[in-house]
J.: 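Mind having a look at this structure? Questions to follow.
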Amino acid sequence: MDTFLIFNLIGNISLWLLIIALIVTAFFYYNYRLKKENLEQKEQYRLDVDLIRTMLNMVSDCVILLDESGKILRVNKKLEEYYGRSADKIVGKNYQRFHTDFDYEEHKSNMRLNFDLGSTYTLPVKYYMPDRSVIPFSVEIHRFVFSEKVYYGIVARDEKNLQEREAYIEEQASKLVEIEHIARMGYWELNHQSKEIVWSRELYHILGYEINTVKPNLDILFKMVHPADQERVTKAFLDAFQNQETVDIHHRIITTKNEVVDVLIRIRHTFSSKNEHLSTIGIVQNITEEKELRDNLDFQNQFSKAVVDNSDMLVLTTDENNNILEVNPFIEELTGQSREVLIGQPAEAIFGHVAQRRTNKDRNYRKPLDLRDKEGRIRWIYWNTRELPYFDNRRVCVSVGLDVSEGVEYRNKFEYLAYHEPITGLASRLKLRQVLSRYFAKNAGKPGKHMALLNISLTNYHEINDLYGYEVGDQVVKQVCEQLSDRVGHYGLLARHSDDLVVLFLPNRNAREKIEPICIEIIECLNEPCVVEGMTFTIGGQIGIAKYPENAQNKEDLQRFADAAMNCARLDTSIDYYFFDDKLRRKMVDDKMMYRKNYKK
């Protein structure tokens, strides 16, 4: 019995211990769940607060949250910018910290009336900045109740900034209208939701209407299309609306002023995110002037091409690397090569010097340049070249050449006649004068420069003319001069100065021992008989020599002294040549004084 009681007691105690353990476990589990829910609620509250703060900071206006007593609970970043302090310096303070002209007592009754009706109270408020400037705000006050507590949300919009933005938008809109007018570009827009169509101001102007004098519609646009373009325009509009793609079309319209105007139209569409067709926009540009300019430019290009293609001038275009870009038909004809073959070739290979030098300045060649034609003949081309800017900042060189081969031939003939004596073929007096002038201009006064001038008298020339006629005399002189040219012509310039006078110009030679052998050779040549028409003649002659710089310092004195020396040789039959010396110089001075004395008498 006692054992049964003991086990019964132990069983009861265990049962109660189990019940107590269950109760304790349930208590602790309840506390755990309660704390977890509180943490989740706090986390959700924190997230809600952060979300509200983020949304408030996204607002471009100033936002303030007040409780019923007027204490500040929340502000956004925009208000911090205006107030000049961070939120932790503002939150918890009364709204009267803001320096404004707002008087609560003045607006209290109206505010309550609006709030009772469930509406927002709006009023203008002036905010006084720390720098004493005043900013007008448009303020909206919202009243709402949350958890049986009253709160006020205030949204303040900067009217000055708003006015500036509105003024800016208005200014930009005005500029856009002006730009449209300058560009002669208007537009129409069809709203597919409302089925309304609007025209821009410039479109009225393009069509010839006064602003807002006609209700916009597409029928007017179709009716104004030029009859010849209507079928094409109708097809383009249908394609634009049916395929809902961007379409460009150029056509003509007849305005209300009965003027034909060229227009370029681009039709495009706008769609919503759900691919709903929202609107169709047509951009219309008046391109009449551009088309006229383009047509005129095309005509000018065609005219220029016709002139170039049919002219007798060579027109060559090369790139920066001197490769041929274009040639005209005359170059094809002259070179015997086609345009396709010439394009891309180096210009130097065909046109030589004209393409060898490139410069940023225009270049006109003073002398004609040679060009070998298809028959191998040398053609003389006078070139003018000019570098012109091209697209992509490149430059091309345009060369225009005139074939002056015939003129060069005539010029060479005239020069030969001018610089050569026609009977003997020797240099003329003009050529001798030119050579002497160049020599003295280049070498006068320079040390180490010297020369000699030999005047050669043809003694019997006039006697042969008188006895046998000029034809025979000319033949004799021609043979003698040919012999002189063969034997002494290589020493210098041999020229026929007059009928019976031949001159030999010896540059860089004035030593007597070098000149005397030449004089002896000349006398031998003059004394050799020549046969003309079966008759033998000996022309004979004497030589006068003057030297630079020993005798004369200029070409006039040199020629005069050589002539005087020649006369001395002619008077003295015992000598064949005479070198000008001081004795002869004194005689010339005495003769000049005697002449002047006799002339005065």
Side-chain angles (χ1 to χ4, degrees), residues 169-306 391-392:
I169 293 173
E170 184 178 351
E171 180 185 358
Q172 294 303 312
S174 176
K175 287 182 179 179
L176 181 60
V177 170
E178 185 177 358
I179 290 171
E180 288 180 352
H181 182 67
I182 293 174
R184 301 187 300 280
M185 182 181 296
Y187 71 91
W188 54 263
E189 182 174 4
L190 173 62
N191 188 319
H192 291 284
Q193 308 299 322
S194 63
K195 305 301 181 183
E196 293 183 353
I197 183 171
V198 294
W199 290 356
S200 68
R201 295 171 59 91
E202 186 58 25
L203 183 57
Y204 280 97
H205 180 73
I206 293 174
L207 300 178
Y209 289 106
E210 296 293 332
I211 307 299
N212 297 326
T213 57
V214 64
K215 184 178 180 180
N217 62 75
L218 290 178
D219 291 338
I220 295 177
L221 297 177
F222 280 112
K223 290 178 181 179
M224 300 184 80
V225 175
H226 194 281
D229 299 335
Q230 283 184 352
E231 182 178 351
R232 185 164 50 90
V233 173
T234 301
K235 183 178 182 302
F237 269 75
L238 289 176
D239 290 343
F241 282 96
Q242 291 175 357
N243 302 328
Q244 297 183 0
E245 296 177 349
T246 299
V247 174
D248 294 332
I249 182 171
H250 166 228
H251 67 91
R252 294 163 294 174
I253 63 172
I254 302 177
T255 68
T256 58
K257 300 176 182 179
N258 206 30
E259 297 176 346
V260 177
V261 175
D262 284 89
V263 296
L264 181 64
I265 296 182
R266 165 166 289 188
I267 304 172
R268 62 183 183 86
H269 309 272
T270 59
F271 300 88
S272 68
S273 59
K274 298 180 181 179
N275 204 30
E276 297 174 334
H277 199 179
L278 298 179
S279 65
T280 300
I281 300 174
I283 302 172
V284 183
Q285 184 179 16
N286 181 353
I287 60 170
T288 304
E289 292 185 8
E290 288 81 354
K291 186 176 185 303
E292 290 176 354
L293 288 173
R294 187 169 60 252
D295 292 344
N296 186 38
L297 181 60
D298 291 342
F299 171 76
Q300 294 295 334
N301 289 336
Q302 293 175 6
F303 178 78
S304 300
K305 187 176 185 306
F391 62 87
D392 295 338

J.: Nearest 0.5 Å, please: how far is CD1 in I206 from OG in S200?
T.: 7.0 Å
J.: Please name the pair of heavy atoms, one in I253 and one in H251, separated by the smallest distance, quoted to 0.1 Å.
T.: CG2-CE1, 3.4 Å
J.: Test W199 against every option in I220, V284, I211 by the side-chain contact (heavy atoms from CB on, under 4.5 Å) rule and name the one that passes.
T.: I220
J.: For L238, what residues pass the side chain to side chain contact (heavy atoms under 4.5 Å, CB included) criterion, not counting sequence neighbours?
T.: T234, Q242
J.: Please verify the inter-ring angle class for F271 with H277; under 30° counts as parallel, over 60° as perpendicular, anything in between as tilted.
T.: parallel
J.: Please name all residues satisfying side chain to side chain contact (heavy atoms under 4.5 Å, CB included) with T288, sequence neighbours left out, ordered by chain then number.
T.: V261, D262, N286, E292
J.: Looking at N258, I'd like to know if its CG atom is crowded, meaning that more than 12 non-hydrogen atoms belonging to other residues, nucleotides or ligands lie closer than 6.0 Å.
T.: no
J.: Using 0.5 Å steps for rounding, measure from the CG atom of N296 to the CZ atom of F303.
T.: 12.0 Å
J.: If you look at every heavy atom in I249 and V233, which pair is closest and at what distance?
T.: CD1-CA, 3.6 Å
J.: Could you give all pairs that pass the salt bridge (charged side-chain N to carboxylate O under 4.0 Å, His left out) test and reach residues 190-215, with sequence neighbours left out?
T.: none
J.: Report, one line per pair, each donor and acceptor closer than 3.5 Å where one atom sits in a side chain of residues 169-176; sequence neighbours left out.
T.:
unit_1, atom_1, unit_2, atom_2, d
E171, OE2, K175, NZ, 3.4

J.: Might you work through the side chain to side chain contact (heavy atoms under 4.5 Å, CB included) test for L264 and M185, ending with a clear yes or no?
T.: CA-CA 9 Å; L264 181 64; M185 182 181 296; over 6 Å; no
J.: Mind running side chain to side chain contact (heavy atoms under 4.5 Å, CB included) on L203 and Y209 for me, showing each step along the way?
T.: CA-CA 9 Å; L203 183 57; Y209 289 106; over 6 Å; no
J.: Suppose the criterion is salt bridge (charged side-chain N to carboxylate O under 4.0 Å, His left out): which pairs have a residue in residues 178-193, not counting sequence neighbours?
T.: R184-E289, R184-E290
J.: Just do the side chain to side chain contact (heavy atoms under 4.5 Å, CB included) check on V247 and F237 with the steps written out, would you?
T.: CA-CA 8 Å; V247 174; F237 269 75; over 6 Å; no
J.: Which pairs with one or both residues in residues 264-274 pass salt bridge (charged side-chain N to carboxylate O under 4.0 Å, His left out), sequence neighbours excluded?
T.: D248-R266
